[in-house]
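We number each residue from 1, following the sequence as shown.
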Amino acid sequence: MTVEQPQSVHMLLLQQKRKKYIFLVLYISLGPEKVSNKYLMYAFLSVAIFVLYHLKYVFKKCVFKCGELCYFFLWADYSIILLVRGGNLSGTHSYQSLVQSTFGQIGYVIVSALQFLYPFIAMISYNIITGDTLTKVFMRIQGVGPGNILTERHFVIMMSTLLFTLPLSLYKDIAKLGKVSLLSMLLTLAILITVVVRAATLGPQIPASDDAWVFARWNAIQAVAVMSFAFICHHNSFMIYGSLREPTLSSWSLVTHVSVGSAVLVSAVFAAAGYVTFTGYTQGDIFENYCRNDNLATFGRFCYGVSIITTFPLECFVTREVISNVFFKGELSNTTHVIITLVIVSAATALSLSYDCLGIVLELNGILSAIPLMFIFPAACFLKLSDGRWFRGENLIPSIILAAGVCVMIIGLIMMVLFPQDCSHGAEMFYCTVSNTSVPSTTSPNTG
């Protein structure tokens, strides 16, 4: 019995638009008095979501290609440093002000739009994840069958929004989400353990897909958008740079190298564990790969679903902050705060109810938002501010990053249109019905 391998189900999660795993390392490097807890917890959540969600599929695209991950590490590392160098040249201290001083008001508007779009699309993906994940958890409850309302993704998304994500999103101070985020940090560890344990116990029982270990595939370039979404933290670079005891370019470079390098290492562990287990059968949502009556996977799904729910408000905070800065000069009355929050959450929920293919949502976010914020704008700002010709001297690497970012964005967008993703949403994998596996399926496939 075979299963159709999903097409490029991209992964693209922060999430988020601010603070990624990288900040955990920055926290260690700088000391707790230099990086606030709210940024630390935000970063750790990204490991659970973006790393777990995105990079497993990156490995599906690139097939355990460490070289590509290393190239991406160099791109990401250097582009972060470019931002600070551009800030020093322009005398600015934030991403928005750097772009505004370099490209004027239109640049500021574009960056603001991207910084809104990035977390907003992430909110849509979170709701999709919640609907996909928790419905399978509820199906393991005694007496809850396929026709039960708890297994209906629309109901689960609506209830999680009304009971959890909307109330938490109404907070005006992100620091008040600290205890909730601590819970997510612990759940992240549980998710990592689940994936690694299942790699050792389930992986050997699943036959490898055809060409599972091919060095590269024709569509591997799409993985760059996925990794961009997973590693973007550029909009917070100035905040961290200003928190250094000695804010020099050399000390910032050291912190960046250690942070990005450590993030790549942890990401590789997640990605390798997922791909080694399922090879070419890896789904856009890694938990779609585990059998429905796998108790350990059910526990992992529960942890993942709760972690996603508690991360949603952080994304809402970012989108609301962008609207506040652009239209209200950073000041929102209580009534306006509530209205904007309701509009943002309602829009994200409505879109997630009407569309359930996560891969395309994440792919779109990476191409349209992450790549410009991560590669195009940092390099373009530096090149415009620096002396000398492009592709000469110190402008050589920024020119390459800019050209590569534009190419990846254009090619990725074309490939997304010409080769739309097939969404094998909710389907039980073929190996779950094989009698000699330790986690046989007892549930009929659900194609919903």
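Side-chain atoms of Arg198 and Thr277 form no donor-acceptor pair, as typed in the model, at a separation below 3.5 Å. With hydrogens and angles left out, the side-chain atoms of Ser250 and Thr248 include a donor and acceptor closer than 3.5 Å.
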Identify every side-chain donor-acceptor pair in residues 103-112 under 3.5 Å, counting partners at least two apart or on other chains, and give the distances.
| unit_1 | atom_1 | unit_2 | atom_2 | d |
| --- | --- | --- | --- | --- |
| Gln105 | OE1 | Gln100 | NE2 | 2.9 |
| Ser112 | OG | Tyr108 | O | 2.8 |

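Side-chain contact between Thr311 and Tyr126 is present, with heavy atoms from C-beta onward closer than 4.5 Å. The closest side-chain heavy-atom distance from Asp294 to Thr298 is not below 4.5 Å. Taking the side chain as every heavy atom from C-beta outward, Tyr118 and Leu114 never approach each other to under 4.5 Å. Residues Lys172 and Asn334 meet the side-chain proximity criterion, which asks for heavy atoms closer than 4.5 Å. Side chains of Arg140 and Asn295 form a contact here, defined as non-hydrogen atoms less than 4.5 Å apart. The closest side-chain heavy-atom distance from His154 to Ile157 is not below 4.5 Å. When side chains are defined from C-beta on, Leu134 does not count as touching Arg301, because their heavy atoms never get closer than 4.5 Å. Proximity of Val345 to Phe312: side-chain heavy atoms (C-beta onward) are separated by under 4.5 Å at one or more points.
Ring-plane geometry between Phe287 and Tyr290 is classed as tilted, the angle between the planes lying from 30 to 60 degrees on a 0 to 90 degree scale.
Under a cut-off of 6.0 angstrom, the local environment of OH in Tyr78 is crowded, with over 12 non-hydrogen atoms contributed by other residues, nucleotides or ligands. The number of heavy atoms from other shown groups lying within 6.0 Å of CZ (Phe138) is above 12.
Annotation: salt bridge (Lys or Arg N to Asp or Glu O under 4.0 Å) contacts involving residues 268-280, sequence neighbours excluded, are absent.
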Practice item. Give the intermediate values and the outcome of side-chain hydrogen bond (donor to acceptor under 3.5 Å, both in side chains) for residues Thr256 and Ser253. Key: CA-CA 5 Å; Thr256 301; Ser253 298; over 6 Å; no
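Evaluated for a side chain to side chain contact (heavy atoms under 4.5 Å, CB included) with Ile344, the options Ile339, Thr349, Ile323 yield exactly one hit, Ile323.
To the nearest 0.5 Å, the span separating OG1 on Thr130 from CD1 on Ile309 amounts to 4.5 Å.
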